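Numbered from 1 within each chain, the chains take letters A, B, ... in sequence-line order. Note: hydrogens, waters and symmetry copies are ignored here, and every other heavy atom, side chains too, is used. Computed from a prediction, not measured in an experiment: that's the story for all the values here.
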2 protein chains.
Amino acid sequence: MKKLSPTIRDVAAAAGVSVATVSKYMNGAQRFSAPVEARLKAAIEELGYRSNPLARSMITGRTRAIGLTILDISNPHFTNVVKGANRIALRHDYTLLLVDTDENQARERPLIEALAQRVDGLILSSRMSDSESKWLLDLGKPLVLLRHSDTLPIPSVGIDNRLATYMLARHLLNLGHRQIAYLGFGQARINDERIRGARECLEEAGLTLDVYDAHAPTAHAGEHACSRVMLGPRRPHAVICYNDLIALGFMKEAASLGIKVPQELSVTGVDNVPYGEYAAPALTTVDIQSEKMGELAMQKLIDALAGHADTGHSMFEPRLIVRESTAACG
Amino acid sequence: MKKLSPTIRDVAAAAGVSVATVSKYMNGAQRFSAPVEARLKAAIEELGYRSNPLARSMITGRTRAIGLTILDISNPHFTNVVKGANRIALRHDYTLLLVDTDENQARERPLIEALAQRVDGLILSSRMSDSESKWLLDLGKPLVLLRHSDTLPIPSVGIDNRLATYMLARHLLNLGHRQIAYLGFGQARINDERIRGARECLEEAGLTLDVYDAHAPTAHAGEHACSRVMLGPRRPHAVICYNDLIALGFMKEAASLGIKVPQELSVTGVDNVPYGEYAAPALTTVDIQSEKMGELAMQKLIDALAGHADTGHSMFEPRLIVRESTAACG
DNA sequence: ATGAAAGCGCTAACAC
DNA sequence: GTGTTAGCGCTTTCAT
């Protein structure tokens, strides 16, 4: 277990060259005379030498690692972001360091600060407001945000949240619904945008939106909220949920309450997580291209690392996915 | 962006002490005289000093990072493993380095070798056989395997796969089923164990098991395999799937084929992923405590790092979760 | 094309 | 308690 690995000096000695030569060889920095190259090759093979990335990083100041903080890896949306980011990282020979902050806002800052020291750049998903996020700029590392920031000069990636819920509201309107509720997650920074999208659409039709809060972005929270929404004084005919997880839980509980979806109630989510398709009934939702978001965020960061500055916001376009959880108002 | 951070020497100068003193202070190694401590504190605060973990690691030989390789983060089973592992890592002030090998066996070895150099220990989930895995021992790092190995002296965690499918077969038998098929994933090392469990149970009842292969551990693969299984010459009344994802896809496609689950066909999975509960119908499965597996794997590794050797295999006990996708044979 | 030497930022003896 | 010093394994001028 403790057979300590050979150092560059061991290789130099074995090959009868200097450490500088070995270093250059390892980095493919230049060409070598045939005999030297042969001896180098042999010595490295022989000793099983692999250069120590830590020592290397200390000098070059680059780690070839990228940090990614997410709120909850259990959420398939974030899983897909990770998937996409990882794919691009791998392709460029970067390693992904994942930190799941577990929706724990207090731990966020120290966690990010510690992570920042071990990576060349960071992709961040956070619930912090812009004003709480100023210290990010002092990290001295390239960043990409997984949400839009109006005031921070940090590149970001996201979708048009307003449009996403606008589309859902329009879809429900087209189906003849008039009593539409929104079941949100107030702690999410994008919740307001999603409310606004749905509300705008309804107001154009002279209708109002009833807003509820699920307190968590999870299926369990959706289940919990269902009776409050459906058995309260203003029973809706259609519910737009903050995300698919909440929608999935909501639908399940609605079934328990004896409410038929979609005959008596239409339900929609946002995210297009892979399991909405297998739910009962299959969930109508808006695809937000989570995996592509991860890919682009990583690509932007890698570009930034390569010196291509970019402080813009890239917005993916939402796409409505109509399945079986929405139907004409009965 | 490029404001380079202060070094230990800057702090030493600012506080009028030696670098050694600063180092000791940072590591909380001992007590200090009041004036020195005060100046240290002030200087550190003033400069915003944070010690460079790379330089530190190079000397101590410890990185406080743990590597985790998984086959596919999209699979909720692995997601849960990551979740559990991350929780324990955080608790012990370790960072998790995640590598998703994307089921790509060729890339596995170089990826793991590279990862090994940046961490104190590794948790591995792999499709490699024991004989292909010998080189792992040369990594010189503590390891934990997410599967049992008979021949490698490496601690591991897993579940009793034989028992898992044995229980499912028994459950189906109890419901009166006689024509039972297994839809597996041959590339998984544990597939054979799962086949064996189901087969043993059936053989005790004088029955045989029809075995099919889904070629991938995904919902999509389950969908694809469905017609082959259900419309072939030996149509089963119950299907035990390798995992929940395959089962979810299988159920969906069965519905498309006009086959009613569970009236005409019982379907089961393995893993108890969070979305089986929201499927149509809710999926009968076996809970394998994925999150606990991740927790225990990480705990074992951290124990090993602390010098507590342990080369044993820890086996979690499967638990049958009966939902709505299984019913008495009609 | 190759090598000598000076560090990167820090810790770990060992002095005082 | 506090300081001095010698590296950790590597890259990088700058000679040759």
Figure out the CG/P separation between A/L47 and D/dG9, and round it to whole Å. 14 Å
OP1, OP2 of C/dG3 versus side-chain N and O of A/S18: anything below 4.0 Å? yes
Step through the shown structure and confirm whether more than 12 heavy atoms of other residues, nucleotides or ligands are within 6.0 Å of CD on A/Q30. yes
Letter by letter from the 5' end, nucleotides 8-16 of chain C scores (B base, S sugar-phosphate only, - none; protein heavy atoms under 4.0 Å) BBBBBB---
B/E46, CD atom: more than 12 neighbouring heavy atoms under 6.0 Å: no
Minimum heavy-atom separation for B/L136 to B/L124, with atom names? CD2-CD1, 3.6 Å
Within this structure, what is the CG-to-P distance between A/D10 and D/dG9, rounded to whole angstrom? 9 Å
With a 4.0 Å cut-off on N to O distance, would you call B/K83 and A/D102 a salt bridge? yes
Search all heavy atoms of A/T311 against all heavy atoms of A/P153 and return the closest pair with its distance. CG2-O, 3.9 Å
Which pairs pass ring pair (Phe, Tyr, Trp, His ring centres under 6.0 Å) with one or both residues in residues 125-157 of chain B, sequence neighbours excluded? B/H148-B/H313
Looking at every non-hydrogen atom in both residues, tell me the closest pair between B/R127 and B/P217 and how far apart they are. NH2-CG, 4.2 Å
Intra- and inter-strand pairing of DNA chain D, written as dot-bracket with Watson-Crick and G-U pairs under 3.5 Å and | for the latter, reads ||||||||||||||||
Can you measure from OG1 (A/T95) to CG (B/L111) and round to the nearest 0.5 angstrom? 7.5 Å
